[in-house]
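First up is the structure itself, then whatever we jot down about it.
Because only heavy atoms are used, hydrogens play no part in the values below, and waters and symmetry mates are left out as well, while side chains stay in.
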Amino acid sequence: MPAPTRSSKFSILPHVPARTRYSRLVIEAYEFPKRYNFLAAAASWLLLAGFVIFPGTYTSLQKVDLGATGVDKVLNNVIQHMPLLGIAITCCILGIAGIGVLWWWFRNSYVWLNDRIFLPGILNATTSLVTTLVNIYTAKNEAWSATAIVTVTLIGAVLGVMVSGFSVYALLIRGLSNKG
């Protein structure tokens, strides 16, 4: 799908003068087509769903049968609910891909990106990280399985990217708002 073009269709408030680039970005973020707001929310939700599903896929190391033979038996003992793992991975991939595509298409819409991509991403990743850690330290008896480590690493990486993106765009917005 080609990137959407930015044209006068964003100008539904012609009576509001956009004298500076900052004011144009603020107005544009408010006027953004609903389908892109929906896509941003859907991508963010898919990523959150993947993060929420992951903790249900790992088991405590105390439950692992070390006498199991064969890789498939060991994996089945370490990872609970294999179908859930596939769903979690799919949700994360689709969420990350959706967020990445929207960021690429609208990389110059600083206000919209911070409001619709980065801030929800920070909140979702933080919530997911706290939930995962609570799950590890309560329900899983402080057992850090391989899947738990991968989950925390993935959530931490996404949180780092979201915080970095938010910080960069916040600085760009601050620079524009100080000019005009």
Exercise. Given side chains that start at C-beta, do those of Val158 and Ile96 come closer than 4.5 Å, heavy atoms only?
Worked result: yes
Exercise. For atom OH of Tyr22, is the number of surrounding heavy atoms from other residues, nucleotides or ligands below 6.0 Å larger than 12?
Worked result: no
Exercise. Which heavy atom in Val111 sits nearest to a heavy atom in Ala29, and how many Å separate them?
Worked result: CG1-CB, 3.6 Å
Exercise. Parallel, tilted or perpendicular: which describes the rings of Phe32 and Phe106, with under 30° parallel and over 60° perpendicular?
Worked result: perpendicular
Exercise. Shortest non-hydrogen contact from Leu102 to Leu39?
Worked result: CD1-C, 3.7 Å
Exercise. If every non-hydrogen atom of Ala125 is compared with every non-hydrogen atom of Ile155, which pair is closest and at what distance?
Worked result: O-CG2, 3.3 Å
Problem set entry | Side chains of Trp45 and Asn124 in contact at under 4.5 Å (non-hydrogen atoms) | no
Problem set entry | Residue pair Asn114 / Ala170: nearest heavy atoms and the distance that separates them | ND2-N, 3.4 Å
Exercise. Do you know the tightest heavy-atom contact between Tyr110 and Arg21?
Worked result: OH-NH1, 3.5 Å
Exercise. Do Phe166 and Val26 sit in the same hydrophobic cluster, where Ile, Leu, Val, Met, Phe, Trp and Tyr count as joined when their side-chain heavy atoms come under 4.5 Å apart?
Worked result: yes
Exercise. Same cluster for Ile93 and Val150 if Ile/Leu/Val/Met/Phe/Trp/Tyr side chains link at under 4.5 Å?
Worked result: no
Seminar exercise, completed: In terms of heavy-atom contacts, Trp112 and Tyr36 come closest through CZ2-O, 3.6 Å
